[in-house]
Amino acid sequence: MSIQVVYAIVKAGGRQEKVSVGDVVVVDKLAGEIGDEVTLAPVMLVDGDAVTTAAADLAKSSVKAEIIGDEKGPKINILKFKNKTGFRKRQGHRAQLTAVKVTAIK
């Protein structure tokens, strides 16, 4: 009883994500509209027992994904304080993210 597992480790926005067909992944903001197809760069490809990590072989393969929508990350509060001067500064930030659905691993 052998199960054929196909997944890839892709580099997206400075991070690496493990994806397979049908997975929804949230990555850093990508240019494009909802429904557009994007290609993610694979770092490692696993197809059953075959593991591909060679750069020449990975250049031939690709991971296709479809943009589902835009999201915002969690709020990060930035507080600056200097002792004895009365200096206080408060700032917030929310990262711009994009949700993508993996459609094909070739």
Discussion item. Under 4.5 Å between side-chain heavy atoms, counting indirect links through other Ile/Leu/Val/Met/Phe/Trp/Tyr residues: same cluster for V102 and V38 or not?
Written reply: yes
Item to complete: Step by step, work out the side-chain contact (heavy atoms from CB on, under 4.5 Å) result for E37 and K64.
Response: CA-CA 7 Å; E37 187 176 271; K64 303 283 185 184; 3.5 Å; yes
Practice prompt. Can you spot which of V51, V6, V5 makes a side chain to side chain contact (heavy atoms under 4.5 Å, CB included) with V46?
Written response: V51
Discussion item. Do the side chains of R15 and D28 get close enough for a salt bridge, i.e. N-O under 4.0 angstrom?
Written reply: yes
Worksheet entry | Verdict with supporting geometry, I68 and V24, side-chain contact (heavy atoms from CB on, under 4.5 Å) | CA-CA 9 Å; I68 294 177; V24 175; 3.9 Å; yes
Practice prompt. Give a yes or no on whether L40 and L58 share a hydrophobic cluster (residues Ile, Leu, Val, Met, Phe, Trp, Tyr; joining criterion: side-chain heavy atoms under 4.5 Å apart).
Written response: yes
Worksheet item: Any link between I9 and V26 through a network of hydrophobic side chains (Ile, Leu, Val, Met, Phe, Trp, Tyr) touching at under 4.5 Å?
Response: no
Discussion item. Could you see if V63 belongs to whatever hydrophobic cluster contains V21? Use Ile, Leu, Val, Met, Phe, Trp, Tyr and a side-chain cutoff under 4.5 Å.
Written reply: yes
Worksheet item: At what distance, to the nearest 0.5 angstrom, does NZ of K101 lie from CG of D23?
Response: 9.5 Å
Response to the item:
Taking every heavy atom of I67 against every heavy atom of E33, the minimum-distance pair comes out as CB-O, 3.7 Å
Worksheet item: When you measure from the side chain of T98 to the backbone N and O of L30, does any donor-acceptor pair fall under 3.5 Å?
Response: yes
Worksheet item: Are V25 and V10 connected in a single hydrophobic cluster, I mean Ile/Leu/Val/Met/Phe/Trp/Tyr linked by side-chain heavy atoms less than 4.5 Å apart?
Response: yes
Item to complete: Provide the closest heavy-atom pair for D57 versus T52 in the form atom of the first, atom of the second, distance.
Response: CB-CG2, 3.5 Å
Response to the item:
Here the side-chain hydrogen bond (donor to acceptor under 3.5 Å, both in side chains) pairs for residues 67-92, sequence neighbours left out, are K29-D70
Practice prompt. Heavy atoms only: give me the nearest I105-S20 pair and the separation to one decimal.
Written response: CD1-CA, 3.9 Å
Practice prompt. Report the distance from atom NZ of K11 to atom CD of E17, rounding to the nearest 0.5 Å.
Written response: 13.0 Å
Worksheet item: Could you give the distance from NZ (K106) to CG (D47), rounded to the nearest 0.5 Å?
Response: 14.0 Å
